[in-house]
Amino acid sequence: MDKIIENLNDRQKEAVLYNQGPSLVIAGAGSGKTKVLTCKVACLLKLGLAPWNILALTFTNKAAREMKERVAKLVDPRSASRLWMGTFHSLFLRILRTEAAAFGYPSDFSVYDTNDTKSLLKTIIKELQLDDKTYKVSSVASRISNAKNALISAEDYFNSPDIQQRDRDSRMPRVAQIYAQYVARCRQAKAMDFDDILFNTNVLFRDHPEILAQWQERFQYILVDEYQDTNASQYLIVKKLAEPHHRVCVVGDDSQSIYSFRGANIENILKFQSNYPESKLFKLEQNYRSTQNIVNIANSLISNNQNRIKKEVFSQREKGNLIQIMGAMSDVEEAYMVAGKIAEMRNRQYEHWADFAVLYRTNAQSRVLEEAMRKRNIPYRVYGGMSFYQHKEIKDILAYLRLMLNPDDEESIKRAFKYPSKGIGDTTLNKLQDASRQHGVSLWTVLESPINYGVVANNGTLNKLAAFRQMIEQLQAKVNELSVYDFTQMLLQVSGISQDMLKETGVEGITHRENVQSLLAGMHEFCQTRLEEGIEDTSMAAYLSEVALNTDQDEEDNEDKVFLMTVHASKGLEFNNVFVTGMEENIFPSQRSCESQAELEEERRLLYVAITRAGNRCALSFAKSRFRNGNTEFSRPSRFLRELDPRLIEQGSASLSSPFGASPFGSSSSYGSSSYGSSYSGQSSSMNLQRKQTYPQRTSPMPKPRSTSPSMNTASSMSAESPRSWKRMPASPATASTVGQAVPGKTGLASVQSSKGNFVVGQKVLHDRFGEGRITSIEGQGDNCKIGVEFVHSGFKMLLLKFASMRPIE
DNA sequence: GGAGCTTCAATTTTT
DNA sequence: TTGAAGCTCC
């Protein structure tokens with residue numbers, strides 16, 4: 001026991017050792033939250049609790065995995081593997097499967113993922129003959145999801161005057177019907193969606209006290225990670241399970257609550273103490289991750305929030321570097337600036353690429369950043385994006401597997417129907433669906449005898465349907481005879497998927513086949529592991545129940561690369577150096593979050609999360625113009641920048657006082673030119689940055705672009721600025737009338753006069769997109785006059801004067 | 001049933 | 001601008 005807690009500080013020890021009643025552990029950023037949780041679990045085991053008496057709930061598979069590994073190291077792997085430690089969804093799914101009979105489901109019901117849900121909703125909206133522009137699938141889905149997470153059933157939804165009024169106000173009065181229909185169809189398909197797992201767990205516990213009592217008895221101690229992210233449904237499950245013994249420990253940080261949009265209720269953590277009056281509060285306030293300056297500037301920001309639990313996060317590390325704020329003329333320049341800084345810092349500090357993270361508020365911002373990284377030969381990875389199990393080819397195969405256990409699974413039938421193509425089109429599918437709806441039976445039932453259900457089709461079609469049905473039945477007969485691995489290999493042959501995939505040519509085909517191979521490899525591993533552990537069941541059912549909720553990334557990318565990700569995705573991670581980009585009004589905070597105080601506070605917490613990811617250095621950047629939704633938009637620096645303690649911001653960083661309120665593209669040239677000249681070392685000079693252009697570039701492998709078609713059309717640094725990119729700056733004063741009058745010099749030309757001003761070799765210029773630079777050459781005349789400019793952040797460019805939106809400065 | 005066209009919208013995301 | 005989704009035509 002002592003050994004487990006020997007590396008903890010006093011606060012952490014108290015939190016770990018207290019287990020007389022409910023406790024709330026407020027764990028500031030970087031305060032060793034996971035350590036406390038894992039040590040607590042280890043202590044409980046040492047105190048004699050059986051692993052299966054401990055319920056430890058997380059939000060992600062990754063968190064659960066990591067925690068399990070750490071517990072395994074503290075105690076023994078065997079005990080660790082027997083803990084009830086996992087995500088809310090995976091553990092309660094397990095319970096639901098066990099208790100399925102109690103609420104009239106088969107134990108191998110299907111689990112619908114977001115795609116299935118949306119596809120079903122789309123069908124229902126069509127069937128109800130509602131306008132799919134008014135009833136957008138995504139908004140209907142989110143209303144239903146929010147309702148479920150708030151434990152509002154379809155019936156409650158229909159009967160709630162408030163909700164009905166709200167739906168009428170937003171011109172979607174029939175969401176209640178869609179909801180009801182959706183629930184009915186899920187039940188018919190013997191399927192549950194993610195939200196149902198929690199919702200139905202509540203229903204189960206509500207309607208079956210005897211079952212609840214069993215699980216209460218089992219879970220002697222309950223721990224919840226990231227409690228600030230719990231929704232009403234999760235809150236209530238925990239409350240019910242902990243009712244008899246009240247031994248529950250929740251850990252979280254209200255300042256890091258950033259998921260209200262998906263139903264998380266920050267009140268759960270704020271009100272924990274009133275919900276559990278006898279509870280004890282522990283605060284972990286020492287941050288071990290970040291320097292004092294980073295912790296303090298984050299504190300100065302978050303102190304602007306009203307709704308929070310009082311705490312004083314502090315660091316005993318060195319003061320560290322000041323926080324830098326960098327301004328750029330455009331999104332492109334911002335990206336180059338960040339890329340340049342990363343390259344420079346890496347060389348100077350002998351750091352790894354992976355010590356750097358570039359964070360942004362929206363995914364769309366990654367584009368320019370990626371481009372800048374590629375141009376600078378900086379290897380990077382974009383974190384997030386599509387997970388393995390969301391790929392079409394994987395989902396198609398899993399649909400077949402799901403059908404084996406549950407042929408009533410409508411979404412899976414539809415998938416299997418469509419792929420590989422069987423000559424059965426939408427027309428036939430619609431007929432089948434209509435019949436299924438009219439007779440109140442599943443699609444599969446209709447398929448078993450289409451004619452009996454009034455499906456009118458020609459013989460060819462009927463034969464195809466019969467062939468499909470036979471194939472499924474034939475496969476079903478084998479399911480229990482083979483391991484998943486063997487079965488799936490057979491399935492790929494029988495269904496024609498293998499043959500079809502071989503037909504695919506090109507890069508995408510290769511990727512698809514590789515993904516299928518990975519799926520098979522995963523299945524093989526599943527079987528091996530099971531056999532090694534002495535579990536004989538390597539069936540598909542066993543596999544599917546394990547995989548149903550695996551939606552996280554199987555990222556094995558351990559290469560040394562810079563991380564690019566949204567701020568949301570960065571939660572829980574840490575990096576030596578963090579760049580937070582796009583610090584502009586309407587981006588961060590996002591436009592949609594400016595309406596209410598609560599939303600604005602969440603955006604502030606989001607920035608708090610971003611800043612506290614940094615260990616040693618943190619820089620925030622903004623651009624004065626940004627290309628968004630096909631237009632160049634001008635923006636003002638984020639209001640949050642003004643909330644940061646100015647004493648912790650590096651001198652020479654962008655001045656924030658002047659541009660506010662002024663016209664976004666005011667005439668102050670000093671603003672743009674001085675703002676980004678400073679460097680981390682505090683040597684504030686643009687020369688310093690220019691010099692890095694000559695640094696020998698360490699070669700590094702080019703990262704694979706995410707899309708299959710790498711963008712090759714980006715303006716090469718040697719070419720004249722293309723009209724296409726010029727179009728991106730409609731506000732630029734450049735016109736055809738800017739033809740220059742050249743003055744000859746010793747080599748080439750020394751200067752040129754144009755309607756934009758006088759350009760001389762060696763002169764400083766300010767370009768709307770590339771920012772500040774110095775002219776190195778002038779050649780050609782008239783329309784062909786080209787000016788070579790060495791830009792501070794964008795490197796050398798040869799620009800056609802005619803198009804360049806550039807003016808001399810100084 | 002698929003290639004190619006038009007249209008339309010455009011935070012954040014795990015399970 | 002991108003991309004997804006729907007529509008048309010072969």
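The sequence lines fix the lettering, A, B, ..., with proteins before strands; numbering per chain opens at 1.
Rounded to whole angstrom, the span from the CG atom of A:D113 across to the P atom of B:dT13 amounts to 17 Å. Summarising the geometry, the separation between CG on A:L573 and P on B:dT13 is reported as 13 Å, rounded to the nearest angstrom. Counting to the nearest Å, the C1' atom of B:dT15 and the CG atom of A:D116 are 13 Å from each other. One atom, CG of A:D426, and another, P of C:dA5, lie 14 Å apart when rounded to the nearest Å. Between A:E370 atom CD and C:dT1 atom P there is a gap of 18 Å when expressed in whole angstrom units. A straight line from OH of A:Y389 to P of B:dT14 spans 15 Å, rounded to a whole angstrom. When rounded to the nearest whole Å, the span between CZ of A:R94 and P of B:dT15 equals 17 Å. Put simply, NZ on A:K422 is 11 Å from P on B:dG1, counting in whole angstrom units.
C:dG6 and B:dT11 have their C1' atoms separated by 25 Å, with the value rounded to a whole Å. B:dT13 and C:dA4 are spaced 15 Å apart, taking the P atom of each and rounding to whole Å.
The main-chain N or O of A:M329 is found under 3.5 Å from a side-chain atom of A:E333 such that the two form a donor-acceptor pair. Side chain of A:S421 to main chain of A:G423: no donor-acceptor pair is present (N/O by atom type, distance under 3.5 Å, no hydrogens or angles).
Here the closest heavy-atom approach between residue A:S635 and residue A:E585 is recorded as CB-O, 4.4 Å.
Among the heavy atoms of the strands lying under 4.0 Å from A:K122 are primed sugar atoms or P, OP1, OP2 only; no base atom is included. Residue contacts for A:L359: at a heavy-atom cut-off of 4.0 Å it reaches no nucleic acid atom on any strand shown.
Using cut-offs of 30° and 60° for the angle between ring planes, the A:F261 and A:H568 rings count as perpendicular.
Put simply, A:N61 has a side-chain N or O that comes within less than 4.0 Å of OP1 or OP2 on B:dT15.
With DNA chain B read from its 5' end, the first of the two nearest nucleotides for A:S421 and A:F59 is the one closest to A:S421. With DNA chain B read from its 5' end, the first of the two nearest nucleotides for A:D195 and A:I424 is the one closest to A:I424.
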Write out a two-atom table: protein N or O, nucleotide N or O from nucleotides 5-12 of chain B, distance below 3.5 Å.
| from | atom 1 | to | atom 2 | distance (Å) |
| --- | --- | --- | --- | --- |
| B:dT12 | OP1 | A:N363 | N | 2.9 |
| B:dT12 | OP1 | A:N363 | ND2 | 3.2 |
| B:dT12 | O4' | A:R361 | NH1 | 3.1 |
| B:dT12 | O2 | A:R361 | NH2 | 3.2 |

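In this structure, A:K126 places its NZ atom where only 12 or fewer heavy-atom neighbours from other residues, nucleotides or ligands lie under 6.0 Å away.
Contact annotation: side chain of A:T114 to base of B:dT14, donor-acceptor pair absent below 3.5 Å.
A ring-centre distance under 6.0 Å is not found for A:Y380 and A:F563.
The shortest distance between side-chain heavy atoms of A:L564 and A:E370 falls below 4.5 Å.
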